[in-house]
Amino acid sequence: MKRTVRPIQYQISRSILVTSTIVLLLTGLAYHTFEFLTFRENTVEKITILGEVIANNSTAAIAFDSQEEANDILEALRAEKHIAAAILYDVNGNLFAQYPKDIDNRTYPAKLEIKGYYFANSFLHVFQPVIMGSRRVGTLYLRYGLKEFNKQFLLFGFTTLTVFGLSLLLAYFLSSKLRKRISRPIISLTNVARNISINKDYSVRAIKESDNEIGILTDAFNLMLTQIEQQNLIIQESEKNFRTLADNIQSLCWMADADGWIYWYNSRWYKYTNTTIREMEGWGWQAVQDPEMLPLVMKNWKDSISNGKPFNMVFPLRGGDGKYRPFLTQVMPVRDKNGKILKWFGTNTDISELTEVEDALRKSEEFSRTLLDSSPDCVIALDLQGHLLSINPQGKNMLGLNKTTHLNGLHWADFWPNEYREKVIDAIEHAKGNQISHFQGQFQTREGKLSWLDVLIAPVYGSGATVERLVSVSRDITRLKELEQQKDDFLSIASHELKTPVTSLKAYTQFLQDKFEKSKDMQSAAMLKKMDNQLNKLTNLIIDFLDVTRIEQGRLRFRKEHFRFNELIRDIAEDTERISDRHKIIQELSEDHTIYADRERIGQVIANFLHNAIKYSPKADKVVIRTSVNGNNELVFSVQDFGIGLSEENKKKIFERFYRVTGTGLETFPGIGLGLYISAEIIQRHNGKIWVESKKGAGSVFKFSLPFSVESDLAAKQVEHE
Amino acid sequence: MEIVGRIFCWTILQVKNKLIAVSCISLIFLMAGKHSSAQESITEYHVKAVFLYNFSQFVIWPDSCYTSKNSPFVIGILGNDPFGYYIDNIVNGEFVYGHPIIVQRLRRIDEANNCHILYFGDKNSDRLQKLIARIDAKYILSVSDVDEFTKMGGMVEFATVENKIKIKINHEAVKKAGLEVSPKLLSLAEIVRFENQ
């Protein structure tokens with residue numbers, strides 16, 4: 001105890017003594033120096049004044065050449081016993097008078113000065129000029145002995161040292177008394193702290209004895225103790241929570257020290273193994289291990305302990321019923337902030353049920369794989385960029401790939417001829433945007449075989465509805481395409497073959513109609529007129545078929561020219577109005593431009609729009625046609641009807657070949673659905689756009705846009721002027 | 001010694017501090033005087049000339065004895081002049097409380113009224129006594145080297161004792177003339193009482 005107490009008291013004493021010594025030393029030194037300097041200054045002043053008086057008194061003696069008088073004056077210095085010598089010189093430095101009379105030769109100053117003083121050889125030497133009026137007539141030299149003064153100064157120093165020593169003694173005595181006052185509360189605080197650290201009793205409090213810094217320290221110490229106590233409670237609570245949690249989770253869990261010595265298991269461990277802590281403690285758990293697995297488990301576990309890596313293993317543990325069940329065992333090291341392993345925390349999870357589920361899953365996956373492998377379609381998994389990830393056997397076969405071909409880095413578009421690559425990339429982009437996309441293309445396998453594929457690319461969703469991959473399903477439609485080609489060929493030939501007889505029929509019919517009209521057989525003439533109408537329809541149908549076959553075969557040709565768009569509209573509108581008694585065509589043609597296009601084909605589109613408008617609005621009495629200009633310098637033509645309108649689904653497909661709007665009540669509208677297909681082809685080939693805005697039951701607006709240029713406008717105008 | 005004396009004579013003309021030079025020379029010549037009677041008188045009057053000047057420094061004249069601030073301090077030499085140009089050299093450029101010192105040679109006593117120091121060159125005691133009686137004005141320090149001058153009513157007398165020039169002062173007469181003699185001068189002079197006054 002005493003050994004640990006001593007330092008603070010010792011330090012306080014030492015501080016006081018060191019401080020006192022330094023202060024005393026400095027004070028003494030300063031005082032001594034001051035005294036010394038003051039004494040010298042005073043002496044110099046005193047002797048200088050004395051010199052002045054003597055010099056002043058000596059003026060007449062020198063002036064009137066009275067050495068006796070001068071000697072008398074100097075003799076007066078006998079009263080000042082420290083004056084060792086006084087010498088009066090005339091203006092030329094010749095000795096005039098001196099005191100004492102029997103002066104030693106060595107007493108004369110080495111050098112005669114006019115005025116001033118210096119200290120040398122324990123004497124003060126003073127020179128004073130003798131002035132008469134404004135003239136110096138001589139010099140007085142005084143020699144003042146300092147031996148007495150030095151003696152006094154020594155005595156003074158000795159006294160100072162004595163006082164110094166006594167003061168230090170007093171300081172030591174006082175410090176030994178005072179240090180107790182400072183150290184006592186600190187020592188008592190230290191004792192409390194020591195007791196707490198030995199007994200771990202944080203409920204003890206230090207007693208505050210004053211309001212000074214030590215009082216504040218005591219308060220802070222007590223506050224700290226309170227906080228430690230509270231934190232201990234929290235830790236205990238947290239520990240309790242942990243145990244409760246550990247005892248109630250499904251897994252078995254346990255904790256081991258850094259060397260793998262297990263010191264705690266949760267209650268489930270004991271329940272499952274039907275053991276006690278005494279049996280299991282440390283390495284006792286080996287008793288519930290499968291003896292066959294034990295060596296491997298021990299090896300892995302000891303490896304983990306030595307290299308600090310988490311332990312993961314599945315091994316069986318024997319239950320209380322004697323049966324072994326597979327457990328997934330995971331052990332994690334718990335480290336301190338320096339990375340040193342403090343303990344190991346382990347869990348054993350019964351995975352006997354999990355293994356069953358895994359089996360089922362594996363079977364299911366195998367089934368899916370078999371399904372995919374036996375699919376007649378080419379199924380390719382793509383990443384989001386369109387690179388091949390995997391492909392089923394049929395796919396490899398269709399694409400002409402070897403079994404060993406590496407898919408790494410191959411892009412789906414790379415398999416396709418140039419004209420289709422854009423379609424593939426488009427389809428991939430659409431699929432990434434959550435849309436199923438679809439195209440057909442002619443494909444040449446690596447073996448050189450040409451075949452048609454119908455390709456569908458669709459998104460594959462991961463978790464959270466994000467597109468993770470794409471799947472491409474391609475079906476060989478070469479056979480289908482051949483059939484289609486045969487049909488188209490047939491259609492083409494049939495149309496051509498039909499056209500000639502129908503033209504003949506039309507000529508004969510008109511001839512007969514004329515004849516009956518002339519013979520006034522009006523009934524027959526009316527019948528023939530109807531026949532002519534039917535023939536017109538048949539002709540149009542054949543023309544449509546021919547157009548379609550031309551489109552299909554890529555033989556649709558245009559004869560482009562400059563013409564005024566509105567003129568064409570008016571012509572067509574006039575013709576169309578004739579075929580319907582009911583409908584009035586309202587023209588709101590705000591824009592008039594010259595365009596460069598095939599006048600006849602564009603007229604065909606306009607006519608198709610108008611015919612459709614009339615046909616599909618049997619109850620309405622008007623159709624509105626408009627022209628306008630959009631922001632891309634395109635002329636927009638629209639035909640608005642007030643008929644049955646279109647459903648969303650129909651709107652998408654209306655421009656497809658042979659598509660006809662179907663549904664209840666629509667059977668009354670004849671036609672084979674080629675008009676809009678042909679129109680769309682014509683407009684698209686003119687770099688225009690065609691579309692419809694419609695709502696079921698609210699009528700439709702069919703529109704197309706065509707580019708026009710200011711140059712073509714001007715060119716047309718010039719032609720007109722000429 | 002002669003050679004040294006000549007050198008110093010020459011020096012008198014050269015050295016600015018004439019007073020000091022003269023003092024030194026006088027001392028040297030006083031010592032050498034025994035051997036050369038021809039130069040003895042010159043030396044003696046050199047010292048006396050210096051002393052005449054020195055009186056101006058140890059006697060205090062009242063302000064009222066000057067006609068103006070810049071009016072001169074006059075040393076008058078009545079009758080025979082034993083100093084010659086030496087005294088002129090000595091006083092040249094010297095001042096008494098701001099008054100320049102000049103030397104005037106007088107023939108008659110009635111010209112002496114503006115003098116501050118009056119030296120009587122006449123050696124005849126009877127005539128001297130009459131002249132002293134004729135000094136009307138106050139504030140004139142009368143000086144002579146005639147024996148018993150102080151007893152005749154004169155103020156300052158140069159007396160030669162053992163080859164040294166001593167000063168005798170009739171203090172009563174000086175005080176009567178309204179002048180004040182410095183105690184320093186008094187302490188080295190012989191004070192003479194003039195019983196018959």
Side-chain angles (χ1 to χ4, degrees), chain A residues 48-80 86-99 101 108 111-115 127-142, chain B residues 8 11 15-31 43-44 46-60 73 90-91 93-99 101 156 158-169 181-190:
Chain A
T48 307
I49 289 170
L50 187 66
E52 277 172 13
V53 170
I54 301 291
N56 192 29
N57 286 343
S58 311
T59 43
I62 293 177
F64 294 103
D65 190 27
S66 174
Q67 280 180 319
E68 293 151 22
E69 176 64 14
N71 283 330
D72 283 351
I73 289 166
L74 294 185
E75 196 64 29
L77 289 169
R78 196 171 289 281
E80 181 59 78
I87 301 166
L88 206 53
Y89 295 91
D90 69 14
V91 74
N92 289 330
N94 299 312
L95 195 136
F96 188 73
Q98 65 180 35
Y99 160 84
K101 288 264 171 28
Y108 299 126
K111 185 172 174 264
L112 189 61
E113 292 180 21
I114 286 169
K115 188 177 171 72
F127 295 93
Q128 192 64 43
V130 181
I131 308 285
M132 183 181 75
S134 56
R135 302 277 173 200
R136 187 174 70 90
V137 293
T139 304
L140 175 68
Y141 163 73
L142 289 177
Chain B
F8 272 100
T11 316
V15 176
K16 277 203 168 180
N17 198 333
K18 289 145 293 197
L19 168 68
I20 291 153
V22 168
S23 294
C24 298
I25 289 158
S26 61
L27 281 169
I28 291 158
F29 277 76
L30 272 175
M31 283 149 79
T43 309
E44 183 192 331
H46 285 173
V47 174
K48 285 176 182 171
V50 172
F51 279 17
L52 269 185
Y53 162 76
N54 283 357
F55 289 138
S56 72
Q57 304 296 318
F58 290 95
V59 177
I60 298 162
F73 179 92
I90 287 163
V91 302
E94 297 292 334
F95 292 86
V96 175
Y97 293 105
H99 302 280
I101 303 176
V156 179
F158 293 131
T160 308
V161 181
E162 293 169 1
N163 275 333
K164 280 199 88 174
I165 295 159
K166 295 285 180 184
I167 295 159
K168 289 182 178 175
I169 295 176
V181 184
S182 161
K184 293 180 208 168
L185 178 55
L186 287 175
S187 69
L188 56 85
E190 187 187 329

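The basis for the numbers below is simple: all heavy atoms, side chains too, and nothing from hydrogens, waters or symmetry mates. Reminder, nothing fancy here: chain letters follow the sequence lines and each chain counts from 1.
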Could you tell me which portion of Phe58(B) (side chain, backbone, both or neither) has an atom closer than 4.5 angstrom to a non-hydrogen atom of chain A?
side chain
Heavy atoms only: give me the nearest Met132(A)-Asn54(B) pair and the separation to one decimal.
CE-OD1, 3.6 Å
Atom pair NZ (Lys166(B)) and OG (Ser66(A)), whose distance is rounded to the nearest 0.5 Å:
5.5 Å
With only heavy atoms counted, which part of Asn56(A) is less than 4.5 Å from chain B, the side chain, the backbone, both or neither?
both
What's the shortest heavy-atom distance between Ala60(A) and Lys184(B), and which atoms?
CB-CB, 3.5 Å
Crowded around Glu80(A) CD? As in, over 12 foreign heavy atoms under 6.0 Å?
yes
What distance do Ile73(A) atom CD1 and Ser187(B) atom OG have between them, rounded to the nearest 0.5 Å?
6.0 Å
Presence of salt bridge, Glu94(B) and Arg135(A), under 4.0 angstrom:
yes
So how far is it from Lys164(B) NZ to Phe64(A) CZ, rounded to the nearest 0.5 Å?
13.0 Å
Would you say Phe95(B) has more than 12 foreign heavy atoms packed within less than 6.0 Å of its CZ?
yes
For Thr59(A), is it the side chain, the backbone, both or neither that has a heavy atom under 4.5 Å from a heavy atom of chain B?
both
